[in-house]
Amino acid sequence: MWKVWLYKVEKMICLGIESTAHTFGVGITDGRKCLANRKLMYRAKGGIHPREAAQYMTDNAHLVLKEAIEEADISMDDIGLFAFAQGPGLGPCLRVGAAIARVLSLRYKKPIVGVNHCIAHVEVGKWDGKLKDPLVVYVSGANTQILGLAKKRYRIYGETLDIGLGNAIDVFAREFGVPMPGGPWLEKTAKKGKRYIELPYTVKGMDLAFSGLLTAAKKLARKKNRYDLCYSFQETLFGMLVEVSERALAHTKKREVLLVGGVAQNKRLNNMFNEMCRFHNAKFFVSKPEYNADNGFMIALTGLKMFKAGVRQKDLHINQKWRTDEVEVIW
Ligand code: AMP
Ligand code: MG
């Protein structure tokens, strides 16, 4: 009997739901391939309004789910496990994904797992780059963390003390009337800058603080040349991040560096990391945009890994402030 069960787990297909912030995503995997990865993104005029984003997800979830099932070319009965992003994230948005996953699990009588969103970013990057034990630099809208696996936990070697790196970029871009996401605009505008303008550079030990830099840059928005200011703002932000990452790499002696999260799309940041990694003889990897941005596939992939390793959770409540280093990595 247990052999039949083991066989079933080995062949299991997992459907994962992402809904931590702006993206409602549904991904499907058998643990080896990405069978489907569909999503819709709530577009905010200013910052994300959590209740509006949650309403958008509630209104559109069924469409994304249907598309994912069609893309994978399977039926709901083929799904053996449901996974959802349990945190960290915005409460109202997390609740939408959690409720849908719970209903599906009850309706199709299949188990359910709650996945840490940050760890899902790490796992999908490792899967995509076939990496073993990277130092992970996770830079998204809300999060900025330098992570590495040690004694069954993703330890945080350095992190932001205030806002996320992407958030700093988006708020700065808004000063120029650019809607979210501001990152691609900053990258393009910064390319035309020539002269470096002195800005606050705040590295505290292994941690980073962006709000002082952001305030100073915003104050200069109408006074300085836009291209020079964008260039200086980007260089300062990334310089701080690379400094702390380099120290973490030297300390951990890891041989691989993985850059994940929305800000990882930035070519200038990639070049800086490439150079730093070359200097330390470490392999540098950044995932494809479809796996790097928030998506359901990373939740499905991580949920399936967890379940196969024996993770069974009693508490499936959402956890808005779930820290990466609270999760025991037994897989
Ligand atoms: P995430 O929270 O992982 O979905 O990432 C979204 C964040 O990535 C937003 O703050 C974007 O502004 C930022 N982002 C996206 N593309 C770029 C880019 N090319 N350069 C810098 N930041 C970017
Ligand atoms: Mg994310």
Side-chain angles (χ1 to χ4, degrees), residues 16-25 27 37 39-44 46-48 50 53 57 84-90 93-94 97 115-125 136-145 147 154 159-160 162-176 178-191 193 210 214 217 230-231 233-242 258-273 286-299 301-302 320 322-324:
I17 299 177
E18 157 63 32
S19 71
T20 56
H22 44 60
T23 298
F24 185 86
N37 199 17
K39 64 179 172 182
L40 274 177
M41 206 173 145
Y42 160 79
R43 302 268 173 194
I48 302 172
M57 290 177 179
F84 69 101
Q86 200 173 357
L90 305 171
C93 303
L94 285 169
V115 174
N116 180 293
H117 172 90
C118 308
I119 291 185
H121 270 297
V122 176
E123 292 297 342
V124 78
V136 185
V137 181
Y138 171 34
V139 274
S140 67
N143 301 291
T144 305
Q145 292 180 333
L147 307 161
Y154 282 106
E159 64 186 320
T160 175
D162 45 38
I163 54 175
L165 178 50
N167 188 223
I169 293 174
D170 294 336
V171 176
F172 176 72
R174 215 181 299 155
E175 198 69 16
F176 293 90
V178 178
M180 260 189 77
W185 168 83
L186 180 72
E187 180 171 6
K188 209 169 89 207
T189 318
K191 267 191 201 145
F210 299 119
L214 173 62
C230 285
Y231 161 70
F233 182 60
Q234 185 175 271
E235 288 299 297
T236 313
L237 282 171
F238 293 173
M240 287 159 56
L241 182 72
V242 175
L258 170 66
L259 188 61
V260 300
V263 186
Q265 301 314 323
N266 189 295
K267 291 280 171 297
R268 172 65 185 141
L269 186 62
N270 277 242
N271 289 343
M272 285 165 91
F273 266 99
V286 57
S287 235
K288 289 176 210 56
E290 69 255 42
Y291 302 137
N292 229 339
D294 289 353
N295 67 89
F297 168 61
M298 69 181 192
I299 304 295
L301 188 75
T302 311
Q320 282 163 262
W322 196 9
R323 277 178 68 82
T324 318

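Both counts, for ligands and for their atoms, begin at 1 and track the order of listing. Here the structure is a predicted model, which means the values were calculated and not measured.
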key: Proximity to ligand 1 by part of Ala293, non-hydrogen separation under 4.0 Å   = neither
query = What protein heavy atom sits nearest atom 12 (O) of ligand 1, and how far away is it?
reply = Asp170 OD1, 2.7 Å
Atom 5 (O) of ligand 1: nearest protein contact (heavy atom, Å) = Gly262 CA, 3.1 Å
message = Minimum distance, heavy atoms only, to atom 17 (C) of ligand 1: which one of Ala142, Gly183, Gly89 is it?
response = Gly183
inquiry  = Looking at ligand 1, is there an atom of it that comes within less than 4.0 Å of some heavy atom belonging to Val263?
reply    = yes
query = For ligand 1, is any non-hydrogen atom under 4.0 Å from Met180's backbone (N, CA, C, O), its side chain (CB onward), both, or neither?
reply = neither
note = Per-atom filter on ligand 1: closer than 4.0 angstrom to a heavy atom of Gly182 are 12 (O)
note = Nearest non-hydrogen protein atom to atom 7 (C) of ligand 1, with distance, is Gly141 N, 3.8 Å
key: Any His22 heavy atom less than 4.0 Å to ligand 1   = yes
Shortest-distance N, O or S atom of Asp294 relative to the Mg ion (ligand 2) = OD1
ask   = Do any N or O atoms from the side chain of Asp170 and from the backbone of Gly182 form a donor-acceptor pair under 3.5 angstrom?
value = yes
message = Using side-chain heavy atoms (C-beta onward) and a distance below 4.5 Å, is Phe210 in contact with Thr144?
response = yes
ask   = So between Met41, Glu187, Lys267, whose heavy atom ends up nearest atom 19 (N) of ligand 1?
value = Glu187
ask   = If you stand at the Mg ion (ligand 2) and look out to NE2 of His117 and NE2 of His121, what angle do those two lines make, to 10°?
value = 90°
